[in-house]
Amino acid sequence: MAVKQKDLRIGILTSGGDAPGMNAVIRAVVRAATHFGIRVYGIKTGYDGLFKGDIEEMTPADVSDIIYRGGTILKTARCPEMVTEEGQARAAEVAKVLRLDGLIVAGGDGSFKGAQALSKHGVNVMCIPATIDLDMDCTEYTIGFDSAVNTAADAITCIRDTSSSHERCSVVEVMGRNAGYLALWCGITGGAEEVLTPEHPLDTKSVIAQILKNRARGKRHNLIVVAEGVGGSDALAKEIERVLGIETRSTILGHMQRGGMPTATDRMHASVMGYMAVKAIHEGETNKVIAYKNGRHTLLSLKEALSAKTTYTPEMYEITKILAI
Ligand code: ADP
Ligand code: F6P
């Protein structure tokens, strides 16, 4: 049974790609820590800042007016040294010198692996899933996903207007790394005729055959969403135009999907998960992930979380196909 801790000091860092809602996590962590009488330190630029000891104590006033802001006030980075044994040992040493009783890491799968490495060197880590990709098997939600889907869906809606006016085909590439969640959600919510994901890549011939079928049914414009894990949206657009003679344009949405105001859903998950991470440290829990499962926020052991199996739902892909008729 975990025992409540006294005179604690904790650190918080954001790592990997930024995600809307990371600021709401930082706010929740600082405010919850203050509530529990814990001193909290913000670590700049992810693991990079940990190496450099680039940290500053934070107070509730430091996190005023950030709940609605995109990005992360602590900054973030990808830090190659952290992937090496030597780097991990050094980072853990810094955490010990800084006398951190707990380290809260908000980031994706890679950041969690970094945290796991630190835990093996005796650092107590609490991980909060934050990535627009939703590509983490241990949780049904990652902070930033909803905002990214909404941003991309807005952009797709704009593209749809012009595509419809010109009776063109539009190919829109969205982020998501090696996973198709973002593309699937963008496809369904954007009313796409076809979605290409790493899990269902589809070849160019099948896409062209589908467009022909759609034309035969009277559809004058087509919207194809492509996940970055499939890529090749420019080449696909050129091939559609070459084979079918239908004007086709491709758009890669890129980093605009990572910016912007977090949605209320992201702020909510961020606030609850940030609070839970601090409470867990206060209660003496060690090396956990704050996950969202079956409609509830829950603590998982980091080991269990990193060995979880995929939750990809093939039904969602089927729904896209059916609704595109
Ligand atoms: P995300 O956390 O969004 O998945 P990355 O995969 O880029 O983003 O990981 C963020 C950082 O986490 C990396 O720059 C690195 O510092 C650390 N990291 C990634 N993979 C590992 C690993 N296998 N072991 C230790 N640290 C890692
Ligand atoms: O993990 C978030 C993400 O935006 C992915 O969707 C994308 O593959 C990657 O980060 C892009 O990384 P960077 O900002 O380093 O180009």
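Ligands are counted one by one from 1 in listed order, and the atoms in each one are counted from 1 as well.
- For ligand 1, the polar-atom distance check finds no N/O of Gly16 at less than 3.5 Å from any of the ligand's N/O atoms.
- Put simply, CG on Leu196 and CD on Glu228 are 14.0 Å apart, with the number rounded to the nearest 0.5 Å.
- At the top of the distance list for atom 11 (C) of ligand 1, counting protein heavy atoms only, stands Ser15 OG, 3.7 Å.
- Under the rule for a side-chain contact (heavy atoms from CB on, under 4.5 Å), the partners of Thr72 that lie at least two apart in sequence or sit in another chain are Thr14, Asp18, Met22, Asn23, Ile26, Leu74, Thr76.
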Donor-acceptor contacts under 3.5 Å from residues 43-55 side chains, at least two apart:
unit_1	atom_1	unit_2	atom_2	d
Thr45	OG1	Gly49	N	3.4
Tyr47	OH	Ser111	O	2.6
Tyr47	OH	Ala115	N	3.1

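- Below 3.5 Å of separation, one finds no N or O of Thr131 facing any N or O of ligand 1.
- Aromatic ring pairs are classed by plane angle as parallel below 30°, tilted from 30° to 60° and perpendicular above 60°; the pair Tyr292 and His297 is tilted.
- Close contacts between ligand 1 and Arg78 involve ligand atoms 5 (P), 7 (O), 8 (O), 14 (O) [criterion: under 4.0 Å to a heavy atom].
- Counting protein heavy atoms only, atom 26 (N) of ligand 1 is closest to Gly114 CA, 3.2 Å.
- Applying the salt bridge (charged side-chain N to carboxylate O under 4.0 Å, His left out) test to pairs two or more places apart or on separate chains, those with a residue in residues 267-280 are Lys279-Glu283.
- Taking a cut-off of under 4.0 Å to the non-hydrogen atoms of Gly108, the atoms of ligand 1 that pass are 1 (P), 2 (O), 3 (O), 4 (O).
- A salt bridge does not link Arg90 to Glu81: none of the charged side-chain nitrogens sits closer than 4.0 Å to a carboxylate oxygen.
- The N/O atoms of Cys79, backbone and side chain alike, include one that comes under 3.5 Å of an N/O atom in ligand 1.
- Using a 4.0 Å cut-off between a side-chain N of Lys or Arg and a carboxylate O of Asp or Glu, Lys238 and Glu241 do not qualify as a salt bridge.
- Ion pairing between Lys288 and Glu285 holds under the 4.0 Å rule for side-chain N and carboxylate O.
- Closer than 4.0 angstrom to ligand 2 sit non-hydrogen atoms from Arg78, Thr131, Ile132, Asp133, Met175, Gly176, Arg177, Glu228, His255, Arg258.
- Among Arg177, Met82, Glu85, Lys113, the residue whose heavy atom sits closest to atom 5 (P) of ligand 1 is Arg177.
- Counting protein heavy atoms only, atom 2 (O) of ligand 1 is closest to Ser111 OG, 2.5 Å.
- If you number the atoms of ligand 1 from 1 as listed, the ones under 4.0 Å from a heavy atom of Gly17 come out as 3 (O).
- By the 3.5 Å distance cut-off applied to N or O atoms, Pro80 is not counted among the residues near ligand 1.
- Residue Ile211 comes nearest to Leu244 through the heavy atom pair CG2-CD1, 3.6 Å, listed as atom of the first residue, atom of the second, then distance.
- Applying side chain to side chain contact (heavy atoms under 4.5 Å, CB included) to Ile246 and the options Glu167, His221, Arg215 leaves one that passes, Arg215.
- Of all the heavy atoms of Gln88, the ones lying under 4.0 Å from any atom of ligand 1 belong exclusively to the side chain.
- Of the protein's non-hydrogen atoms, the one nearest atom 17 (C) of ligand 1 is Gly110 O, 3.6 Å.
- Between the side chains of Asp203 and Ser206, at least one donor N or O sits under 3.5 Å from an acceptor N or O.
- No side-chain N or O of Thr263 forms a donor-acceptor pair with one of Asn150 less than 3.5 Å apart.
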